[in-house]
Student: 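Let me begin by handing over the structure; questions about it come next.
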Amino acid sequence: MLKKDDWRLRNDVEYLKKASINPTNAEEMCKYTPHLKHCTFCFEPVQNNLHHWWFVPCDLSCCICEECYHDLRKHFGWKQLDGWDIEWFARCPKCEEILHIISSKHYVYECSKCYTLYSKDLNDSLKLD
């Protein structure tokens, strides 16, 4: 049972409310999302282990360990997907080139073809000052 004052519930995780979440294993996480290094709730490190399950939102903005997923899924109202539809690479909305993450802390992506920077939601390009 989740307690109201559970230490894993921080203010900066509200964006995960009602999120669609995909299961995956740590081997895929290490291969495709090396910038995701730990569970966003309990900080358990991601280790390359085929039999360790992790959960990721569709935007690949964070990862959730199996224990935290099971403890917090009702509280956040997560919809579990089947994991087959994970798009490991974000694509540029302008030219469809695969975007490269340049800041995992702020989730900033760059297109190497048209040199545009994008924020986490990929809806707006970022302006360079």
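Index from 1, following the sequence.
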Student: Looking only at non-hydrogen atoms, find the nearest pair between Pro45 and Trp54 and report the distance.
Tutor: O-CZ2, 3.6 Å

Student: Quick check: closest heavy atoms across Asn49 and Asn25, and the distance to 0.1 Å?
Tutor: O-CB, 4.5 Å

Student: Has Lys17 got more than 12 heavy atoms of other residues, nucleotides or ligands less than 6.0 Å from its NZ?
Tutor: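 Counting neighbours around NZ of Lys17, more than 12 heavy atoms of other residues, nucleotides or ligands fall under 6.0 Å, so yes.
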
Student: Just how far is it from atom OH of Tyr32 to atom CG of Leu60, taken to the nearest 0.5 Å?
Tutor: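 If we round to the nearest 0.5 Å, Tyr32:OH and Leu60:CG are 12.0 Å apart.
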
Student: Using side-chain heavy atoms (C-beta onward) and a distance below 4.5 Å, is Trp78 in contact with Tyr69?
Tutor: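 Yes. Closest side-chain heavy atoms under 4.5 Å.
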
Student: Could you give the distance from CG (Leu81) to OG1 (Thr24), rounded to the nearest 0.5 Å?
Tutor: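 The OG1 atom of Thr24 is 12.0 Å from CG of Leu81, to the nearest 0.5 Å.
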
Student: For Val13 and Phe76, work out which heavy atoms get closest and say how close.
Tutor: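 Closest approach of Val13 to Phe76, heavy atoms only: O-CE2, 3.4 Å.
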
Student: Got a sec: does the CD of Glu67 have more than 12 other heavy atoms crowding it under 6.0 Å?
Tutor: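 No, not enclosed.
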
Student: Is it true that Asp5 and Lys3 make a salt bridge, defined as a side-chain N closer than 4.0 Å to a carboxylate O?
Tutor: no

Student: Taking all non-hydrogen atoms of both residues into account, name the closest pair between His52 and Glu44 and its distance.
Tutor: CE1-OE2, 2.7 Å

Student: Where do Arg8 and Cys42 come nearest, in terms of heavy atoms and distance?
Tutor: CD-CB, 4.2 Å

Student: Flag the pair Lys37 / Val46 as yes when at least one side-chain heavy-atom distance between them is below 4.5 Å, and no otherwise.
Tutor: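 Lys37 does not reach Val46 side chain to side chain.
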
Student: For residues Phe43 and Phe55: do they belong to one hydrophobic cluster (side chain heavy atoms under 4.5 Å, members Ile, Leu, Val, Met, Phe, Trp, Tyr)?
Tutor: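 Different hydrophobic clusters.
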
Student: Drop me the distance from Trp53's CH2 to Met29's CE, to the nearest 0.5 angstrom.
Tutor: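 Going from the CH2 atom of Trp53 to the CE atom of Met29 covers 12.0 Å.
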
Student: Taking atom SG of Cys62 and atom NE2 of His38, what is their separation to the nearest 0.5 Å?
Tutor: 10.0 Å

Student: Rounded to the nearest 0.5 Å, what's the gap from CG on Leu16 to CZ on Arg73? Could you check?
Tutor: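 Between atom CG of Leu16 and atom CZ of Arg73 there are 15.5 Å.
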
Student: Would you indicate whether the side-chain heavy atoms of Glu27 and His51 approach each other to under 4.5 Å?
Tutor: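 His51 does not reach Glu27 side chain to side chain.
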
Student: I need the Cys63 SG to Asn22 CG distance, nearest 0.5 Å.
Tutor: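 These two atoms lie 13.0 Å from each other.
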
Student: Mind listing the closest non-hydrogen atom pair of Cys39 and Cys68 along with its distance?
Tutor: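 Smallest interatomic distance, heavy atoms only, reads SG-SG, 3.8 Å.
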
Student: Would you say that Leu72 contacts Leu9 through its side chain, given a criterion of any heavy-atom pair below 4.5 Å between the two side chains?
Tutor: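 Yes; the side chains approach each other to less than 4.5 Å.
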
Student: When you look at Ile21 and Gln80, which way does the side chain to side chain contact (heavy atoms under 4.5 Å, CB included) test go after all the steps?
Tutor: CA-CA 5 Å; Ile21 306 288; Gln80 184 175 336; 5.5 Å; no

